[in-house]
Each structure stands twice: as structure tokens, then as C-alpha cells.
Amino acid sequence: METKHYNVFVIGSGIAGQTAAKACVAAGLTVAISDKREFGGTCATRGCDPKKILIQFADLVQHSKQLKGFGIKKSPKINWKAVQKFKTSFTKPVPSSTENNLTDLGIDLYHQSPKFISKNEVMVEGKTISADKFVIATGYVPRTLEFEGFDLLKTSDDILNLKKIPKSAIFIGSGYVGMEFCYMLSTLGCEVTMIEINDSALTQFDSFLVDKLTKVLEKNGVKFMFSTKPVALEKLKKNLKLTYEKDGKTKTIKARKIFNTAGRVPAVEKLDLENAGIKADESGVLVNDFMQSTSNENVYACGDVSSKSLPLTPLSGLQGYIAGHNIINGNSKEFENPLVPSIAFTKPQLASVGYSEEEAKSRYKNVLVYKEDTSGWYNSKKENANAYAYKIIVNERTQKIVGAHLLSSQANETINVLTLAMNEGLTIRDFKKQIFTYPSYTNDLKSMLKDED
Ligand SMILES: Cc1cc2nc3c(=O)[nH]c(=O)nc-3n(C[C@H](O)[C@H](O)[C@H](O)COP(=O)(O)OP(=O)(O)OC[C@H]3O[C@@H](n4cnc5c(N)ncnc54)[C@H](O)[C@@H]3O)c2cc1C
Ligand SMILES: NC(=O)c1ccc[n+]([C@@H]2O[C@H](COP(=O)([O-])OP(=O)(O)OC[C@H]3O[C@@H](n4cnc5c(N)ncnc54)[C@H](O)[C@@H]3O)[C@@H](O)[C@H]2O)c1
């Protein structure tokens with residue numbers, strides 16, 4: 001049987017795997033990448049990028065709905081087929097351009113899931129491959145829900161490729177994926193029900209703001225069913241029927257489409273990690289601060305699949321860079337948990353960076369909590385916005401911001417300004433000295449940090 005050797009064998013061609021592979025090949029190492037799906041990873045082909053393209057059309061409709069009666073006569077009619085064509089013009093070229101780019105750099109490509117057969121060997125495409133170092137960068141896959149008929153559930157991949165807006169849809173799980181797409185479909189005319197096992201949506205965000213966002217989506221027509229457990233799914237002629245349990249009762253609900261948005265888990269199943277002594281749990285492949293497996297020193301893991309991930313694109317890229325650096329130079333760069341802003345792309349958007357109020361209060365002796373419903377402010381009123389609010393947390397002793405939570409139509413941009421202020425250690429006074437454009441949402445941030453004196 002054919003055997004080949006590389007210095008570095010990377011599994012997964014998303015941002016994490018590509019970043020590690022490119023660094024290694026640039027340093028003169030022999031490198032290969034394998035992927036069992038199209039090359040390019042989740043973000044560019046079936047995640048962040050196509051999602052934002054589709055959601056901007058919902059934003060347009062939502063914005064025009066807000067201004068109906070103030071000069072807008074009719075909401076724009078969306079040609080979904082054309083929208084899909086536009087989106088596909090971004091996603092379709094990704095696999096071939098990624099493959100061409102990697103090949104041009106001198107990286108060998110494999111198109112299958114490799115399986116570890118020993119500590120330093122995998123089997124892929126019928127070949128035994130040995131490598132000095134392996135990089136596992138396989139990302140996340142949707143969580144499998146263990147109930148009868150679960151295989152009828154669709155995932156975010158299917159939402160992104162919908163041929164038409166369904167008449168009705170049920171989402172199971174109100175995290176980032178569920179909330180973004182339930183906002184999109186409900187705005188574009190779909191009758192949406194959200195089923196969530198927890199007692200609220202987006203539990204990783206501030207509840208003062210999540211409650212407001214939930215109310216906005218309810219106004220959009222979304223029916224939220226919290227503390228509800230799906231237990232079985234059945235196909236009818238036109239619809240799907242979901243059986244669920246709530247308050248000790250078992251009931252059913254029907255819809256044209258039912259989406260599994262109940263979270264994503266590390267993609268390690270197919271790799272036979274045990275043959276290489278690589279340890280993984282529900283957090284992913286267990287790694288130390290050098291992104292190196294804690295149980296096999298020949299192996300690094302980065303991006304969503306690593307146990308140190310916060311599953312977001314910028315962090316996955318950073319971890320890929322650190323893994324690559326440490327393979328080339330020996331373990332010398334540590335992953336230091338940077339401040340990571342995150343955002344749910346609804347309208348209004350919900351963004352967050354740093355500590356929650358509870359975390360800040362447990363960490364610092366005295367904290368100042370700036371919190372307000374700002375729907376009466378000019379920026380909100382001028383677009384007849386459906387909600388505008390914030391919570392900013394400051395360490396009273398240092399007068400520095402330690403957490404910021406924003407609900408606004410521009411939160412995806414303004415959260416970055418606060419991230420910069422936090423990273424640079426600006427005090428409230430320093431921040432308020434800045435001159436920003438007017439009238440802008442960034443300028444509002446200064447008013448949110450009210451003067452104490
Ligand atoms: C719908 C959606 C929207 C998102 N929106 C955002 C957003 O707005 N902002 C943001 O920051 N993040 C967003 N994310 C998260 C973001 O996409 C991920 O954090 C990021 O893509 C992770 O990069 P990665 O390189 O670690 O993994 P991925 O990009 O997932 O790459 C992993 C690759 O490994 C391959 N693979 C898996 N198993 C195997 C195997 N056994 N053998 C070979 N190859 C394998 C996969 O096919 C894939 O190509 C979103 C995710 C989803 C699903
Ligand atoms: N805008 C963004 O940055 C963005 C967008 C999409 C995804 N992502 C990344 O992808 C990751 C995964 O996102 P996600 O939305 O898939 O997961 P998530 O973990 O954010 O949300 C999953 C939700 O499903 C619920 N749930 C779990 N099991 C359930 C069940 N049996 N029945 C009903 N509800 C159930 C959970 O309580 C939770 O509210 C996120 O952590 C995020 O980092 C980011």
C-alpha cells in the first residue's frame with residue numbers, strides 16, 4: 001500500500017485549518033489538507049458570509065416596515081430566487097478558489113475524512129499518510145437530537161439554500177442560529193414558532209436586552225414556546241408534525257419546515273481519535289494554551305473543534321495562526337483568551353463584549369451599571385426603531401469599562417468601538433473626550449456613559 005509522509009497534515013479547510021496550513025507551507029514545511037466536504041469551511045460557504053447576504057434583505061423589509069406611514073407606502077417585494085442567485089455568486093466560487101489557492105501554495109489536497117490509525121498516521125483515500133504533526137481543524141456540526149423522526153429535521157445549511165420562503169416553520173433552539181434565521185424568515189412572511197428547552201432565548205446574552213429582542217420578534221409574528229421539549233417528529237402529506245412536552249402536557253404542532261437549531265458540537269466522530277490517543281470531550285479536542293493536544297504531542301487542534309474555542313470566525317483564525325506558529329517554532333505562542341465581541345444579527349442587533357453584570361459583580365468590589373431603554377433617543381426615533389437599549393458595566397475603582405451589551409440597529413459596528421476602548425484601557429473620561437461623527441450610534445455611546453459629576 002502507498003505511504004506518503006508530510007511534515008504537517010491538516011484536517012479541515014476552514015479558516016482555522018487554512019491559516020495553520022498556509023503558515024506552515026510558507027515556513028518551508030511539506031503540508032497537506034483534507035476535507036470531506038467542499039473546501040473553504042463553514043463561514044464562507046454555509047455560515048457567516050451567506051447568512052449576512054440573505055439577512056440584509058430581511059433588514060431592508062424590516063426597516064421599510066418601520067417607516068411605513070412616514071413616507072414608505074409599501075414594503076419592498078423580495079424576489080427570493082434572485083436573492084439566492086446573488087448569494088450563490090459569493091458561495092459557489094469559494095471551493096474552487098480555495099483549492100486553487102492552496103494548490104498554488106504547494107499544499108496537497110485530499111477529499112475524504114481521514115482516520116487515525118496510529119499516533120502519527122492516518123488513512124485517507126486508500127493511502128497511509130504519516131506526518132510529523134497533525135492539525136485537527138474540523139469545526140462544529142449540528143447537534144443530533146435523539147427523538148423519533150429526528151432525521152426529518154433540516155439544518156442551517158438547508159435554511160441558507162431555501163428555494164422559497166416556507167409558509168410556516170418551527171425552529172428548535174433559540175441560540176444565535178435559531179434567532180437570526182427566525183428573525184429572517186418571520187420578516188419575510190413565514191409563520192414562525194420557536195421551541196426552546198430553556199426558559200429564555202440567547203442565554204449567553206444580557207437578559208434585560210434579550211427580553212426586549214424577544215418582544216420585538218413576537219411583534220414580527222414569532223411565537224415563542226419556552227421550557228418546551230420536542231419529543232417526536234412525523235411526516236404528514238404537506239406538513240411535519242412535532243410532538244412536544246410543556247408543563248407536564250404532551251401536545252403537537254405542525255409546520256412546513258422544522259429546523260434543528262439546538263446547537264453545534266465538535267466534529268470529531270469520524271476521525272478515530274482513540275487510535276492516536278487523542279482525548280476529546282463535549283468541548284472538543286482537549287488542548288493546552290499552545291493549542292497542542294494534551295494527550296498526543298504530535299497533534300494540534302484549533303478553531304471551533306478545539307476545547308479552547310468560542311466558536312466564532314475571528315477566534316478560529318487566531319487559533320489557526322497560533323497552532324501554525326507553534327508547529328514551526330516550537331511551543332512559544334500561547335492562546336491568551338482575547339476580548340471577543342459577539343453579535344446576533346437580528347434587527348435590532350444584539351451585541352456583547354466582556355463581562356456580564358453578574359460576572360463583573362463577582363469579580364470587582366464595586367461596579368457601575370449604566371443601563372437604559374433608549375428608544376426615545378433621536379437615532380432610534382428617526383428610524384422608528386422597534387427597540388434601542390444598552391447596559392454598560394464599569395469597574396468603579398479604575399473607571400474602565402469591563403462589559404458592554406448593546407441592542408441597536410448598528411450594534412455590530414458600535415460594539416467594536418467599545419471593544420477598542422476596553423482593549424486600550426480607556427477610562428470613561430478618556431472615552432468621552434473623543435470626538436465622533438454626529439448624529440451616529442457611536443456618538444450615542446458617550447451619552448450612555450453619563451457624567452457622575
Ligand atoms: C449558520 C452559521 C452562521 C454563523 N455566523 C457567524 C457569524 O456571523 N460570525 C462568526 O464569527 N461566526 C459565525 N458562525 C461560526 C463560524 O462559522 C465558525 O466559528 C467558523 O467557521 C469556524 O471555523 P473553523 O475553521 O474552526 O471550522 P469550519 O469553518 O467549520 O471548518 C471545518 C472544516 O472541516 C471539515 N471537516 C469536518 N469533519 C471532517 C472530517 N472528519 N474530515 C475532513 N474534514 C472534515 C468541514 O467540512 C469544514 O470544511 C456561524 C456558523 C453558522 C453555522
Ligand atoms: N452571529 C454569530 O456570531 C453566530 C451565528 C451563528 C452561529 N454562531 C456560533 O455557532 C455556535 C452555535 O450556535 P447555535 O445557535 O447553533 O447554538 P447555541 O448553543 O447558541 O443555541 C442552541 C439553543 O438550542 C437550545 N436547545 C438545545 N437543545 C434543545 C432541545 N432539545 N430542544 C429545544 N431547544 C434546545 C439551547 O438551550 C440553546 O438556546 C454559537 O455558539 C456561535 O458561537 C455565531
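All ligand and atom numbering here is 1-based and tracks the order in the structure.
Remark: aromatic rings of Phe205 and Tyr176 are close, center separation under 6.0 Å.
Residue-ligand proximity: Thr203 is placed with every non-hydrogen atom at 4.0 Å or more from ligand 2.
Remark: among candidates Asp35, Thr261, Asp304, the nearest residue to atom 47 (O) of ligand 1 is Asp35, based on non-hydrogen atoms.
Considering only non-hydrogen protein atoms, atom 20 (O) of ligand 2 sits nearest to Gln204 NE2, 3.1 Å.
Every atom of ligand 1 is numbered from 1 in the order shown, and the set under 4.0 Å from a heavy atom of Pro314 is 11 (O). Annotation for ligand 2: atoms under 4.0 Å from non-hydrogen atoms of Ile195 are 33 (C), 34 (N). Against a heavy-atom cut-off of under 4.0 Å, Ile343 is close to the following atoms of ligand 2: 1 (N), 2 (C), 3 (O). Heavy-atom proximity to Thr261, at under 4.0 Å, picks out these atoms of ligand 2: 22 (C), 23 (C), 24 (O). Heavy-atom contacts of Gly303 reach the following atoms of ligand 1: 26 (O) (cutoff under 4.0 Å).
An N or O contact shorter than 3.5 Å is missing between Tyr140 and ligand 1 by distance. In terms of N/O distances under 3.5 Å, ligand 1 is not approached by Ser156. Considering both main-chain and side-chain atoms, Ala16 comes within under 3.5 Å of ligand 1 through a nitrogen or oxygen pair.
Of all the heavy atoms of Leu160, none lies under 4.0 Å from any atom of ligand 1, so neither backbone nor side chain is involved.
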